[in-house]
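The figures that follow rest on heavy atoms only: side chains count, while hydrogens, waters and symmetry mates do not. The sequence lines fix the lettering, A, B, ..., with proteins before strands; numbering per chain opens at 1. Computed from a prediction, not measured in an experiment: that's the story for all the values here.
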Amino acid sequence: MYIFDSVKKEKVEFVSLVPNAVTMYVCGPTVYDDAHLGHARSALSFDMLFRTLKSLGYSVNFIRNFTDVDDKIIKKMQKSGKSLKDITEYYIQRYNEDMDALNITRPTLTPKATENLEAMQDMIKNLLSKNIAYKISNGDIYFDTAKDKLYGKLSNKVSDETLSRIERVSEKRSDKDFALWKACHENDTVCFDASFGKGRPGWHIECSAMIEKHTKPIGGYSIDIHGGGADLLFPHHENEASQSRCATGHELAKYWMHNGFVQIDGEKMSKSLGNSFFLKDILKVYNGEIVRFYLSSIHYRNDFNFNEEDLLNSKKRLDKLYRLKKRVFDASVSKPNVEFKKSLLEAMSDDLNISVALSLIDEMIAKSNELLDTNANDKNVKKEIMANIEFINELLGFGYQDPFSYFQLGLNDELVAKINSLIKQRTDAKSQKNFALADKIREELKGMDINIMDTPNGTVWEKIS
RNA sequence: GGUUCCAUCGCCAAGCGGUAAGGCCGCAGCCUGCAAAGCUGCUAUCCCCGGUUCAAAUCCGGGUGGGACCUCCA
């Protein structure tokens with residue numbers, strides 16, 4: 001397995017801390033709103049890593065957190081009058097629903113910040129006792145970045161210019177110091193007790209504390225892989241790495257991986273620009289698997305430019321897989337083709353090279369169709385093809401639907417009945433050599449986005465686009 | 001301003017020093033009543049200029065043009 005380490009900035013061979021086992025931690029969402037395309041991309045990227053590692057035989061401990069205490073959530077509380085728990089539980093459920101729709105595997109552990117306050121407080125106490133953290137007059141506790149000689153080595157991004165952009169708090173020892181604990185003020189509703197004063201945790205401390213709590217350090221590292229969106233490298237991951245290093249004496253992660261951003265029609269997607277695409281809006285129009293296939297079709301480190309035209313094009317590629325599946329649907333599953341399985345796994349083992357993987361699948365589809373053209377009833381051929389598709393699903397997470405219902409997505413019973421009736425009429429017309437009428441009916445179906453195909457076993461149809 | 005990534009066929013997109021994968025679109029053929037689907041074949045010398053090398057889309061230098069991060073963000 002080779003992965004691109006975004007700290008070393010090069011592709012490196014992955015060697016797990018413990019043989020045959022991997023611990024990976026990915027920064028999850030702050031749950032104050034519905035999940036957008038960016039959340040999907042991140043989850044999808046690491047889902048594919050998760051699946052690939054498992055297929056390679058590793059037992060994988062995959063942790064992804066929920067940030068369920070945060071200023072943005074508090075703002076939402078004030079606006080809506082709802083409780084913190086009402087808001088976060090709702091959006092956690094929404095997040096899970098949306099990710100499930102994309103067939104994203106649930107991590108082995110999904111800790112919440114509010115359920116790990118003790119671990120955070122322990123780490124803050126630890127840092128205070130070492131005089132690496134300090135309290136200012138309003139009660140806030142800051143991390144003293146000057147105490148960590150390695151601060152900045154992760155993102156390589158801490159210049160004076162950069163610092164001038166970070167929020168200035170006069171009592172901070174240095175502008176780069178960041179909050180570990182934000183003290184309660186008179187009107188604050190979200191307050192947790194701690195020996196060093198009531199308050200709530202800063203953002204960065206939660207990941208460090210949860211990793212520390214849920215994993216066992218080995219070989220100088222807490223975990224094998226730490227992942228997240230490209231924007232998190234600085235300051236979030238820099239700060240995480242620094243506070244963990246200072247608190248525990250060892251490094252946080254052996255490898256760091258960051259997924260690229262999603263743009264919409266060439267524009268950056270962000271809350272402030274107001275062009276944020278919620279997953280739920282897309283899922284109303286397109287089946288989750290189609291969205292998954294599209295979003296995963298480009299290498300995880302590249303920027304992804306989302307647009308509907310490309311989505312529709314990528315769907316055509318997935319259609320071909322399902323047409324093949326239709327041809328073998330009645331076969332049981334045997335073992336996948338050895339060469340195919342090996343090459344697919346090899347592609348994904350090369351820093352998740354999905355493009356090569358997809359081209360291998362296209363190749364398999366063409367070969368299989370050819371085989372079926374000449375050996376239509378060879379059970380062993382069919383079984384192997386089914387097994388190939390099954391393996392694609394295991395490794396890449398698509399191809400799992402019933403092939404017939406896949407081509408009927410978005411249709412209700414009434415429409416299906418009408419389509420079948422039209423096809424019957426056309427078949428009758430054909431048998432009477434009334435091709436003019438048959439073609440007219442075909443046109444009518446096409447107007448309904450229905451494609452028909454005459455096969456030796458009768459006329460079959462598909463919903464297109 | 002600092003840091004950083006990228007530029008490959010009409011569109012999407014691999015490639016990581018050894019002579020340009022794949023998909024969409026298009027064209028031709030087989031198949032078909034005609035189609036559709038499927039199969040087969042065809043379609044690029046890699047933004048520009050230098051350099052290193054027997055050999056560069058791939059490495060180095062310089063341009064040009066985009067993007068991202070540096071503020072909450074996946």
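Distance from the side chain of A/D373 is smallest for B/G38 among the nucleotides B/A74, B/U4, B/G38. Ranking B/G67, B/C39, B/C73 by closeness to the A/D303 side chain, first place goes to B/G67. The side chain of A/K9 has B/C5 as its nearest neighbour among B/C5, B/A37, B/C39. Taking the side chain of A/N353 as heavy atoms from C-beta on, and the options B/A14, B/C5, B/A74, the nearest nucleotide is B/A14.
Across all strands shown, B/A68 pairs with B/U3; the Watson-Crick or G-U wobble distances both stay below 3.5 Å. Nucleotide B/C54 is matched to B/G18 when pairs are restricted to Watson-Crick or G-U wobble geometry with both distances under 3.5 angstrom. Judged by Watson-Crick or G-U wobble contacts below 3.5 Å, the nucleotide B/C34 has no partner. Base-pair partner of B/A28: B/U40 (Watson-Crick or G-U wobble, both distances under 3.5 Å). The partner of B/C46, taking Watson-Crick or G-U wobble pairs whose two distances both stay under 3.5 Å, does not exist in any strand shown.
Under the rule for a side-chain hydrogen bond (donor to acceptor under 3.5 Å, both in side chains), A/N388 has no partner lying at least two apart in sequence or in another chain. Shown here are the ring pair (Phe, Tyr, Trp, His ring centres under 6.0 Å) partners of A/F329, two or more places apart in sequence or in another chain: A/F404. Here A/Y294 pairs with nothing under the side-chain hydrogen bond (donor to acceptor under 3.5 Å, both in side chains) rule; sequence neighbours left out. Remark: A/R317 pairs with A/D362 by the side-chain hydrogen bond (donor to acceptor under 3.5 Å, both in side chains) rule, at least two apart or across chains.
Using a 4.0 Å heavy-atom criterion, one finds that A/G229 contacts the sugar-phosphate atoms exclusively. Here A/L232 lies in heavy-atom contact (under 4.0 Å) with sugar-phosphate atoms only. Among the atoms of the strands shown, none is found under 4.0 Å from any heavy atom of A/H236. Among the heavy atoms of the strands lying under 4.0 Å from A/V262 is at least one base atom, whether or not backbone atoms are also near. A/A35 comes within 4.0 angstrom of nothing in the nucleic acid, heavy atoms only. Within 4.0 Å of A/K11, counting heavy atoms only, lies at least one base atom of the nucleic acid.
Rounded to whole Å, the distance from CD1 on A/I450 to P on B/A35 is 22 Å. Atom pair A/E206:CD and B/C72:C1' shows a separation of 14 Å (rounding to whole Å applied).
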Restricting both atoms to N or O, compile the protein contacts to nucleotides 26-33 of chain B shorter than 3.5 Å, with distance only.
from, atom 1, to, atom 2, distance (Å)
B/G33, O6, A/R426, NH2, 3.3
B/G33, N1, A/D439, OD1, 2.9
B/G33, N2, A/D439, OD1, 3.4
B/G33, N2, A/D439, OD2, 2.7

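Within residues 306-318 of chain A, the residues approached by RNA chain B to less than 4.0 Å at the level of any non-hydrogen atom are A/D310, A/N313, A/K316, A/R317, in residue-number order.
A salt bridge is defined here as a Lys NZ or Arg NE, NH1 or NH2 lying under 4.0 Å from an Asp or Glu carboxylate O, and A/D454 with A/R426 meets this definition. The residues A/R245 and A/D148 are annotated as salt-bridged, a charged nitrogen and a carboxylate oxygen being separated by less than 4.0 angstrom.
Phosphate proximity of B/C73 to A/W203: present, with a side-chain N or O under 4.0 Å from OP1 or OP2. Residue A/N451 has no polar side-chain atom (N or O) positioned under 4.0 Å from OP1 or OP2 of B/A36.
With hydrogens and angles ignored, a donor-acceptor pair closer than 3.5 Å exists between the side chain of A/H36 and the base of B/A74.
Going from the P atom of B/C11 to that of B/G26 covers 16 Å, rounded to whole Å. Comparing the P positions of B/C9 and B/G15 gives a spacing of 16 Å, expressed to the nearest Å. Going from the C1' atom of B/C31 to that of B/C24 covers 23 Å, rounded to whole Å. Rounded to a whole angstrom, the distance from the P atom of B/G10 to that of B/C6 is 23 Å. Between the P atoms of B/A56 and B/C46, the separation comes to 12 Å (whole Å). Only the C1' atoms considered, B/A55 is 37 Å distant from B/A28, to the nearest whole Å.
An aromatic stack links A/F261 and the base of B/A74, using centre distance under 5.5 Å and interplanar angle under 30°.
Closest non-hydrogen pair, A/D351 versus A/F4, comes out as OD1-N, 3.0 Å.
A/Y95 and A/F66 have their aromatic ring centers within a separation under 6.0 angstrom.
Put simply, CE on A/M364 and OG on A/S359 are 12.0 Å apart, with the number rounded to the nearest 0.5 Å.
Position along RNA chain B of the nearest nucleotide to A/R323 versus A/N305 favours A/N305 as the more 5'-ward residue.
A/K325 forms no cation-pi arrangement with A/Y322, by the criterion of a distance under 6.0 Å to the ring centre and an angle within 45° of the ring axis.
You'll find the side chain of A/L352 reaches within 4.5 Å of the side chain of A/L49, heavy atoms only.
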